[in-house]
A.B. asks: 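My structure is below; once you've seen it, I'll send some questions.
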2 protein chains.
Amino acid sequence: MEIRRQDIHSSDVPVVCKACEARHGGVCAALSPDQLLELSKHSTRQRLEAGTEVIGQGETVTNYSNIIRGVVKLTKVMADGRQQIVGLQFAPDFIGRPFLTESAIAAEAATDSEICNFSRGVLDRLVKNAPELEHKLHRQALKELDEARDWMLTLGRKSAQEKVASFLYLIATHIDPESVDTSSFDLPLSRADIADFLGLTIETVSRQFTKLRKENVIHIENNRHVTIPDMDRLMRYAGND
Amino acid sequence: MEIRRQDIHSSDVPVVCKACEARHGGVCAALSPDQLLELSKHSTRQRLEAGTEVIGQGETVTNYSNIIRGVVKLTKVMADGRQQIVGLQFAPDFIGRPFLTESAIAAEAATDSEICNFSRGVLDRLVKNAPELEHKLHRQALKELDEARDWMLTLGRKSAQEKVASFLYLIATHIDPESVDTSSFDLPLSRADIADFLGLTIETVSRQFTKLRKENVIHIENNRHVTIPDMDRLMRYAGND
DNA sequence: GCTCCTGTTTGATTTTGATCAAGCAAATGC
DNA sequence: GCATTTGCTTGATCAAAATCAAACAGGAGC
């Protein structure tokens, strides 16, 4: 932090993106200094209030983003309004779909967030000449694919109770991976969002929370703050032995 | 088949993999002739009867494969035996999880199939020096991710009838993409597999088939051969407007 | 031919989660 | 202060799909 960009450069070329400062380990981490400079010219840091849409379903992708802080939900909606959250992205995840111009999903800030936006065209051009960058994006895609498939098992085969427990376990392990104690955290999603993630209704989610609370699997304060006294016990409730 | 490896070797460098002959447009299509020769030395063509496992959940990945013919299902099982199909792969799809040694899913031939197996180590090495190859694998991963997310909406938010109709639509559009008429085909999956793909029981799948048949959305002969008189109508039943 | 499988269908009943409907508590506006 | 809104919980009822159970049809083996 105390190292200023100007200091570490030969001819004053910034080695970190001016917008996000590359502290977060996103795609910029795979770039050489001059590639970073190039991308940095087309980057803007953006604060998002919870609920702000990053991109809508069916819209043209003109930007990619890195998440610097916060949680972004990826959603798909049906014509009649039924909605499914198909992914949750945490810092320093990448948001965007390389090689396609139209977004098949919407992305929306679930919590107050900060993202680093950069031009699609510029990154696409950089990808062509930077194998290391494509490798990074490839790994990100594979990570999301693994997560999606894990979640398919949850959606298709788990009971409401197992689904809610699985969700809590997911959040506990993702919300703050640096933290030593992952057993106490604020839920990044409302009950409605949790329902959309789990393929349930808000009433069912609420009832399962109550049930888990009564069985002392979780403690809840102010509707949003959750404490897990026994993570292994939660895992068993989630059906993951 | 009548071209023997020995014939096309030494000075005549083969431009196709000896095992799969690269007719299928799999990863080999992204390789240069000498890369192909290298990979070809560590490739074997393999016939799989329906039900044969390609790799088990939790096993170490020592090989990747290309599907030459047939349908391969990707499954995840829970400790108590509940099972979910998390992906269906058709020729010329790639099977494998680059950059991870342990497979989080099982792969099993759903129909009689042929695959081209090649050494993981060799392909991994080639990937490092062939950006075009990593690009190909990256696109494959993104395609599978798009499909997985589409299916999450189906699993989480659709009714049994919509799920079955969605499955039929998926098969119609994937089983033989070259064919002009995609409205008549053999189901590559048993009712039990379909249930595992849709997060339903076999009884529910069977009842929905009967219902769709009675409403003339589909015709079925010999339990496996399906004809779709009106694809748009099926799509409406699937909830895709 | 027959019997034994296996995969599928159909029927009766139960269970789970959805729906419909209040109620409640904290936050926001006036 | 009080009314309103918003997000969540709780209760009563309903419907969809699961479960339990039986029957059926086509093949394989004898």
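Please read these numbers as outputs of a predicted model, since none were measured by experiment.
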A.B. asks: Return the value, rounded to whole Å, for the distance between atom CG of Leu198(A) and atom C1' of dA18(C).
C.D. replies: 15 Å
A.B. asks: For Phe94(B), what residues pass the ring pair (Phe, Tyr, Trp, His ring centres under 6.0 Å) criterion, not counting sequence neighbours?
C.D. replies: Tyr64(B)
A.B. asks: Got a sec, which residues hit side-chain hydrogen bond (donor to acceptor under 3.5 Å, both in side chains) with Ser159(B), two or more places apart in sequence or on another chain?
C.D. replies: Glu162(B)
A.B. asks: Would you jot down, in residue-number order, the residues of residues 69-85 of chain B having a non-hydrogen atom under 4.0 Å from DNA chain C?
C.D. replies: none
A.B. asks: To the nearest 10 degrees, what angle separates the axes at the start and end of the helix from dG1(C)-dC30(D) to dC30(C)-dG1(D), five pairs each?
C.D. replies: 30°
A.B. asks: Could you list by number each residue of residues 152-169 of chain A showing a heavy-atom separation from DNA chain C of less than 4.0 Å, or answer none if no residue does?
C.D. replies: Ser159(A), Ala160(A)
A.B. asks: In whole Å, what is the span from the CD atom of Glu221(A) to the P atom of dA26(C)?
C.D. replies: 14 Å
A.B. asks: Partners of Phe90(A) by ring pair (Phe, Tyr, Trp, His ring centres under 6.0 Å), sequence neighbours excluded?
C.D. replies: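 So Phe90(A) forms a ring pair (Phe, Tyr, Trp, His ring centres under 6.0 Å) with His174(A).
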A.B. asks: With the sugar-phosphate defined as primed atoms, P, OP1 and OP2, and the base as all remaining atoms, what B/S/- string results for nucleotides 4-15 of chain C, 5' to 3', for protein heavy atoms under 4.0 Å?
C.D. replies: ----SBBBB---
A.B. asks: Does some side-chain heavy atom of Gln84(B) sit less than 4.5 Å from a side-chain heavy atom of Asp196(B)?
C.D. replies: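 No - every pair of side-chain heavy atoms lies 4.5 Å or more apart.
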A.B. asks: Under the salt bridge (Lys or Arg N to Asp or Glu O under 4.0 Å) rule, collect the residues that match up with Arg149(A), sequence neighbours excluded.
C.D. replies: Glu144(B)
A.B. asks: Check the distance between dG7(D)'s P and Asp196(A)'s CG and give it to me in whole angstrom.
C.D. replies: 13 Å
A.B. asks: Of the non-hydrogen atoms in Ala50(B) and Ala110(B), which two are nearest, and what is the gap between them?
C.D. replies: CB-O, 3.5 Å
A.B. asks: Between the side chain of Trp151(B) and the main-chain N/O of Phe197(B), is any donor-acceptor distance below 3.5 Å?
C.D. replies: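 Looks like yes, one N/O pair under 3.5 Å.
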A.B. asks: Sequence neighbours excluded, which residues qualify as ring pair (Phe, Tyr, Trp, His ring centres under 6.0 Å) partners of Phe118(B)?
C.D. replies: none
A.B. asks: Per the side-chain hydrogen bond (donor to acceptor under 3.5 Å, both in side chains) rule, what does the pair list look like for residues 69-80 of chain B, sequence neighbours excluded?
C.D. replies: Asp150(A)-Lys76(B), Arg69(B)-Glu114(B), Lys73(B)-Glu108(B), Lys73(B)-Asp193(B), Asp80(B)-Arg82(B)
A.B. asks: Check whether any side-chain nitrogen or oxygen of Thr201(B) sits under 4.0 Å from OP1 or OP2 of dA17(D), and answer yes or no.
C.D. replies: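 False: Thr201(B) side-chain N/O out of range (4.0 Å or more) of dA17(D) OP1/OP2.
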A.B. asks: Who are the salt bridge (Lys or Arg N to Asp or Glu O under 4.0 Å) partners of Arg139(B), not counting sequence neighbours?
C.D. replies: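 Arg139(B) satisfies salt bridge (Lys or Arg N to Asp or Glu O under 4.0 Å) with no residue once adjacent residues are dropped.
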A.B. asks: Suppose the criterion is salt bridge (charged side-chain N to carboxylate O under 4.0 Å, His left out): which pairs have a residue in residues 86-98 of chain B, not counting sequence neighbours?
C.D. replies: Asp146(A)-Arg97(B), Asp93(B)-Lys143(B)
A.B. asks: Taking side chain as C-beta onward, heavy atoms only, is Ser43(B) less than 4.5 Å from Asn117(B)?
C.D. replies: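 No, their side chains stay 4.5 Å or more apart.
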A.B. asks: Does atom CZ of Arg47(A) have more than 12 heavy-atom neighbours, drawn from other residues, nucleotides or ligands, at distances under 6.0 Å?
C.D. replies: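 Check fails, neighbour count at 12 or below.
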